[in-house]
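Naming convention: chains lettered A, B, ... in sequence-line order (proteins, then strands); numbering from 1 in each chain.
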Number of protein chains: 2
Amino acid sequence: MALEHALLIALREQPASGLELAKRFERSIGFFWSATHQQIYRVLGRMDGDGWVGVTEVAQVGRPQKKVYAVTALGEEALADWLGRPTHTDGLRSELALKMRGASFGDRGAVLDVVRAHLADHAVRLDHYRQLMKRDYPEPAALSGLDLDHYLVLRGGILTEETWIAWLGEYLEAHA
Amino acid sequence: MALEHALLIALREQPASGLELAKRFERSIGFFWSATHQQIYRVLGRMDGDGWVGVTEVAQVGRPQKKVYAVTALGEEALADWLGRPTHTDGLRSELALKMRGASFGDRGAVLDVVRAHLADHAVRLDHYRQLMKRDYPEPAALSGLDLDHYLVLRGGILTEETWIAWLGEYLEAHA
DNA sequence: CCACCCTATGCAACGAGTTGCAATACCTGT
DNA sequence: ACAGGTATTGCAACTCGTTGCATAGGGTGG
């Protein structure tokens with residue numbers, strides 16, 4: 001039930017077409033809320049029907065026409081309302097943790113390989129986030145408003161990746 | 001596609017009925033893979049049909065009969081196979097992160113309240129995990145096999161909660 | 001005995017998300 | 001002109017998970 005609100009946030013930051021949103025979701029917003037373009041199109045259609053967003057067809061040079069969506073007053077209201085409502089704490093949901101727990105019931109070496117692959121993956125992500133951090137927020141103390149929030153969420157991404165790396169490292173160490 | 005395997009792991013640790021599994025999922029396993037009893041019943045039915053588990057009806061005193069499931073050789077094979085297969089790194093999926101990012105578009109005070117509620121919730125969980133740790137694994141260095149894996153996954157839960165607390169703390173601090 | 005609660009199993013309907021494919025517009029290379 | 005590639009939007013079918021409800025056995029309190 002949150003993709004709608006993720007899109008509202010993205011569109012308030014910057015109106016965009018479905019495909020542009022999909023691309024943006026692969027980057028910053030999608031770090032903690034991913035979505036495919038099909039799903040985005042479907043939800044945009046519903047939000048248009050609900051009057052949360054408005055559409056403007058925009059012609060482009062050398063490309064097909066696109067539909068740019070922007071948030072309406074009704075959408076702004078829905079977003080503000082949602083932001084203040086309490087949310088259930090999201091539980092973990094990790095297939096890898098499952099495999100780590102059940103490793104005794106299979107080939108442990110194979111599980112350790114899976115863990116190593118994830119460790120490498122998280123290292124890449126962490127590196128990516130750190131580069132974003134250095135490039136976009138070299139002076140965190142000076143931030144406020146939207147920028148400050150973006151910085152803080154990126155901080156969350158970094159902390160999360162560091163935790164994964166520490167955890168998987170402990171697991172590999174214990175089974176070395 | 002992983003609930004089946006979560007159930008296989010749980011049933012290999014200890015055969016159980018649907019409701020017993022649901023209760024166990026609320027505790028240890030469900031820390032990183034939750035499921036309602038309805039879903040568990042449905043999946044157990046499918047796994048029975050696939051020959052991954054076998055059922056024994058067990059009469060109880062003062063209670064309705066229950067169906068105890070146990071993993072078959074076929075199920076063991078399916079589990080061992082799954083354990084060694086590579087897994088996609090699971091992306092975050094946090095409604096709270098969304099609200100933190102979009103706080104500028106609503107009442108920031110209300111969002112901070114939501115964040116504080118989550119912080120308190122994570123503190124409770126962390127406390128719970130630490131008690132489990134103290135009670136069940138006072139001597140981590142001595143562990144091996146299944147116990148070691150359970151310990152390490154619980155470690156992951158603790159690291160995760162500590163990260164949440166640190167992150168949300170930073171957020172509140174920055175908006176103080 | 002009747003109302004109520006707990007255990008245990010299960011169905012049906014819905015919503016969210018994924019996967020695979022299709023259609024259209026426009027460009028480039030041959 | 002035609003083949004192939006990319007951008008853009010979209011449909012259909014499927015799986016996964018949630019919510020609400022149903023059923024049935026058995027206990028307990030008034």
Between A:H5 and B:L98 (side chain of the first, backbone of the second, donor and acceptor by atom type, cut-off under 3.5 Å), is there such a pair?
no

May I have the distance from B:E57 (atom CD) to C:dA8 (atom C1'), rounded to whole angstrom?
12 Å

Between P on D:dG17 and CG on B:L7, what's the gap in Å once rounded to a whole number?
10 Å

With a 3.5 Å distance limit and no angle check, can you tell me whether B:Y129 reaches the backbone of B:L154 through a side-chain donor-acceptor pair?
no

Where along nucleotides 4-15 of chain D does protein come under 4.0 Å, by heavy atom, of base (B) or sugar-phosphate alone (S), with - for untouched nucleotides?
---BSBBB-B--

Mapping A:G62 and A:W33 onto DNA chain C by nearest heavy atom, which one lands closer to the 5' end?
A:W33

Rounding to a whole Å, what distance do you find between B:Q39:CD and C:dT9:P?
16 Å

What is the separation between atom CG on A:D90 and atom P on D:dT18, rounded to the nearest whole Å?
13 Å

Say whether, by atom type as modelled, one donor and one acceptor occur between the side chain of B:D50 and the main chain of B:W52 under 3.5 angstrom.
no

Separation of C:dA8 P from B:R24 CZ (nearest whole Å)
13 Å

Atom NE2 of B:H88 to atom P of C:dG17: distance rounded to whole Å?
18 Å

Show your reasoning for whether side chain to side chain donor-acceptor pair (under 3.5 Å) applies to A:H150 and A:D136.
CA-CA 10 Å; A:H150 287 191; A:D136 297 338; over 6 Å; no

Strictly distance-based, threshold 3.5 Å: is any side-chain N or O of B:T89 a donor or acceptor partner for the main-chain N or O of A:H118?
no

Let me know which of B:R108, B:K99, B:R101 forms a salt bridge (Lys or Arg N to Asp or Glu O under 4.0 Å) with A:D149.
B:R108

Within less than 4.0 Å of OP1 or OP2 of C:dG15, is there a side-chain N or O belonging to A:R46?
no

